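Take a look at the structure below.
Nothing here was measured: the structure is a model prediction, and the numbers come from that model. These numbers come from the heavy atoms of this one structure, side chains and all, not from hydrogens, waters or symmetry mates. Numbers for residues simply follow the sequence, beginning at 1.
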Amino acid sequence: MRSMVTVSKMDRDAIPEVSKLFAEFDSTEIPGLIGLHRRQLFIHHGVQVHLYDFVEKSDQAALEKAKSDPRMARLSVDLQPFVTPYEPETWNSPADSAASCFYAWEGESEGRPGPTETTVTLARMEADAIPEVTEIFRDFDATAQLMGIRRRQLFVFKDLCIHIQDHARRDDADIAQKAATDIWFGHVLRELPRLAPQEPTPDGHAIRFYGWETS
């Protein structure tokens, strides 16, 4: 799968409305037309992280058809009262909400992979810290499969690092989330103190409030 992440601002009180809008949209044929395999929405302290997982190869003709579907534009309009740009003063188009992936790791497949649980952790990070953070996680991932981690992705957006982990089971997710907290608020912050302009607190775990996956 290939993934895309967008970052926006959203109030927790809007969770029911936003979930309803996406549930209605994802019940149509459009996600299939654009090659979307899974959609997950997370929220942490007013920051919404939207994780899209796409199939490796998309049907370009179907994708172009979906782009012009009025339901795509309607969803954007319906979300406007609830979801706003992370930095409105610099936002010009939806592309300005997209995060960039700077590190990806995937474990070896063991037969049929099956469903996964996903955890998302947010941390403040300056862009020039990317090389050091990449190296730290590359070293850590030499043992990641011992914790049931199937895939790790690190995205950067503005002053945020979005850390995404896919796990085989719920208990693996709990173990790996603790490990992620230890990395961010232990080794990484000791090695890269500029990642923590304020006193770090171990509450970077975002809450998933919506999930959809193809059958």
How close do Phe102 and Thr134 get, heavy atom to heavy atom, and via which atoms?
CD1-OG1, 3.3 Å
Hey, mind stepping through Tyr86 and Leu160 against side chain to side chain contact (heavy atoms under 4.5 Å, CB included) and telling me if it holds?
CA-CA 11 Å; Tyr86 184 79; Leu160 294 176; 3.7 Å; yes
Could you go step by step and tell me if Leu122 and Ile162 meet the side chain to side chain contact (heavy atoms under 4.5 Å, CB included) rule?
CA-CA 5 Å; Leu122 301 181; Ile162 302 122; 3.6 Å; yes
Going by side-chain hydrogen bond (donor to acceptor under 3.5 Å, both in side chains), name the residues that satisfy it together with Tyr103, two or more places apart in sequence or in a different chain.
Asp141
Just how far is it from atom CZ of Arg150 to atom NE2 of His167, taken to the nearest 0.5 Å?
10.5 Å
Between CG of Asp166 and OG1 of Thr118, what distance do you get to the nearest 0.5 Å?
4.0 Å
Result of checking Arg38, Arg39, His37, Gln40 against Glu213 for side-chain hydrogen bond (donor to acceptor under 3.5 Å, both in side chains)
His37
At what distance, to the nearest 0.5 angstrom, does CG of Asp159 lie from CD of Glu87?
7.0 Å
The reported gap from CD in Glu106 to CZ in Arg152 (rounded to nearest 0.5 angstrom) is 12.5 Å
Applying ring pair (Phe, Tyr, Trp, His ring centres under 6.0 Å) to Phe82 and not counting sequence neighbours gives none
Separation of Ser100 OG from Phe155 CZ (nearest 0.5 Å)
8.5 Å
The reported gap from CZ in Phe157 to OG in Ser97 (rounded to nearest 0.5 angstrom) is 5.5 Å
Going through the distances and angles, do Thr84 and Trp91 end up as a side chain to side chain contact (heavy atoms under 4.5 Å, CB included)?
CA-CA 10 Å; Thr84 58; Trp91 192 90; over 6 Å; no
Indicate yes or no for a side-chain donor-acceptor contact from Asp139 to the backbone of Ile136 under 3.5 Å, with no hydrogens or angles considered.
no
Would you list the atom pairs, donor with acceptor, under 3.5 Å between side chains in residues 5-21 and any protein atom, with sequence neighbours excluded?
{"from": "Asp11", "atom 1": "OD1", "to": "Asp13", "atom 2": "N", "distance (Å)": "2.8"}
{"from": "Ser19", "atom 1": "OG", "to": "Ile15", "atom 2": "O", "distance (Å)": "2.8"}
{"from": "Lys20", "atom 1": "NZ", "to": "Glu24", "atom 2": "OE2", "distance (Å)": "2.7"}

Sidechain N-carboxylate O distance under 4.0 Å for Arg208, Glu117
no
In terms of ring plane angle, is the pair His50 and Phe22 parallel, tilted or perpendicular, where the classes change at 30° and 60°?
perpendicular
